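Worksheet: one structure, shown below.
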Amino acid sequence: MKATLGIAAALLASGPAMADLTVEFREGAPKDRFIIASTDCAIGPGTLTLDLTTSKGGLIFDTTAEGAGVEVFQPVELEQGAASFSETRDGDRVLQVSLDALRPGSPVTLTVDLDDTMVDSALGQIRVAGSEIVGATATLSAGSVKASNSFDETGQTRLLTGSCSS
């Protein structure tokens, strides 16, 4: 009985479950990936904006053979999950992703090619080092929820969206 009361008290003391959104960038060949996931409860529908404008590497979306990108290119494609995205031209720095209700364990994965615009970069312009995405931002707008954060040197960011409603 004491153990049961202790567990119940610990659960109550921990407060409401928080709805957090994680966005992870993974460098890959030939496709880079953005993995968007809810960590605790459903989020959305809403819009996630990936903005590379303030990235340390001057990152761009390399979507065609012509234009600002270098060598390998990949258009934006939905690999997993329920989402749509804005038209993204070669050299653009902003991508808007319209998310359906995002549930824990059901991430959205987008593939695309990112290039940096630095003259002397750690991995060359066709590959993106973690330090080059630092400063890029992810911003979520879902109903009354507005959250934004910058990517770190591991290529990840976490948006704190508040407590779960159910």
Side-chain angles (χ1 to χ4, degrees), residues 19-39 42-143 145-161:
D20 294 345
L21 183 78
T22 60
V23 183
E24 179 181 359
F25 170 76
R26 288 189 190 165
E27 166 62 38
K31 297 180 179 184
D32 301 324
R33 285 177 172 67
F34 282 99
I35 302 165
I36 306 160
S38 171
T39 58
I43 297 173
T47 301
L48 179 72
T49 302
L50 300 173
D51 188 346
L52 308 176
T53 306
T54 54
S55 65
K56 285 193 175 180
L59 300 180
I60 59 169
F61 292 100
D62 182 13
T63 60
T64 65
E66 293 80 34
V70 180
E71 295 180 30
V72 179
F73 66 92
Q74 294 293 326
V76 181
E77 296 178 337
L78 178 64
E79 183 177 74
Q80 176 183 8
S84 59
F85 44 86
S86 61
E87 178 183 350
T88 306
R89 293 186 294 247
D90 197 73
D92 281 353
R93 294 179 187 257
V94 177
L95 172 65
Q96 289 192 324
V97 182
S98 296
L99 301 168
D100 290 346
L102 192 60
R103 300 191 189 318
S106 299
V108 167
T109 303
L110 299 173
T111 60
V112 66
D113 182 36
L114 296 188
D115 288 346
D116 69 64
T117 58
M118 298 170 32
V119 175
D120 186 25
S121 59
L123 302 175
Q125 290 180 316
I126 62 171
R127 294 180 51 218
V128 175
S131 61
E132 295 172 346
I133 199 164
V134 169
T137 60
T139 302
L140 176 68
S141 178
V145 173
K146 305 279 189 265
S148 186
N149 203 5
S150 298
F151 284 86
D152 64 20
E153 64 282 342
T154 68
Q156 297 182 43
T157 187
R158 182 176 177 190
L159 306 178
L160 305 177
T161 62

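It should be emphasised that the depicted structure is a prediction, and the values quoted were computed from it without experimental measurement. For reference, positions follow the sequence shown, starting with 1.
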Between [X] and [Y], what is the shortest heavy-atom contact and its length?
{"X": "F85", "Y": "L78", "value": "CE2-N, 3.8 Å"}
{"X": "T111", "Y": "R33", "value": "CG2-CG, 3.8 Å"}
{"X": "L160", "Y": "A147", "value": "O-CB, 3.6 Å"}
{"X": "L50", "Y": "F151", "value": "CD2-CZ, 4.3 Å"}
{"X": "A142", "Y": "P45", "value": "CB-O, 3.6 Å"}
{"X": "A138", "Y": "T157", "value": "CB-CG2, 3.8 Å"}

Quick check for you: to the nearest 0.5 Å, what is the distance between [X] atom [atom1] and [Y] atom [atom2]?
{"X": "F61", "Y": "D92", "atom1": "CZ", "atom2": "CG", "value": "8.0 Å"}
{"X": "D20", "Y": "S38", "atom1": "CG", "atom2": "OG", "value": "8.0 Å"}
{"X": "D90", "Y": "T64", "atom1": "CG", "atom2": "OG1", "value": "3.5 Å"}
{"X": "L159", "Y": "K146", "atom1": "CG", "atom2": "NZ", "value": "13.0 Å"}

Could you check whether any side-chain N or O of [X] sits under 3.5 Å from a backbone N or O of [Y], counting only pairs where one atom can act as donor and the other as acceptor?
{"X": "T54", "Y": "G135", "answer": "yes"}
{"X": "R93", "Y": "G58", "answer": "yes"}
{"X": "N149", "Y": "R158", "answer": "yes"}
{"X": "T88", "Y": "S86", "answer": "yes"}

Next on the checklist: Pair L59, I133 - check side chain to side chain contact (heavy atoms under 4.5 Å, CB included), show working.
Outcome noted: CA-CA 7 Å; L59 300 180; I133 199 164; 3.8 Å; yes

Checklist entry - Any chance the side chains of T154 and D152 put a donor and an acceptor closer than 3.5 Å? => result yes

Next on the checklist: Is it true that T109 and Q80 share a donor-acceptor pair across their side chains at a distance under 3.5 Å?
Outcome noted: yes

Checklist entry - Can L95 and L110 be said to form a side chain to side chain contact (heavy atoms under 4.5 Å, CB included), step by step? => result CA-CA 11 Å; L95 172 65; L110 299 173; 4.1 Å; yes

Does a side-chain heavy-atom distance below 4.5 Å link [X] with [Y]?
{"X": "V108", "Y": "L102", "value": "yes"}
{"X": "R26", "Y": "I35", "value": "yes"}
{"X": "L114", "Y": "F25", "value": "yes"}
{"X": "L21", "Y": "L48", "value": "yes"}

Next on the checklist: Check this for me: does any side-chain nitrogen of one of K31 and E77 sit under 4.0 Å from a carboxylate oxygen of the other?
Outcome noted: yes

Item to check | Check against side chain to side chain contact (heavy atoms under 4.5 Å, CB included), T53 and V94 | outcome: CA-CA 7 Å; T53 306; V94 177; 4.1 Å; yes

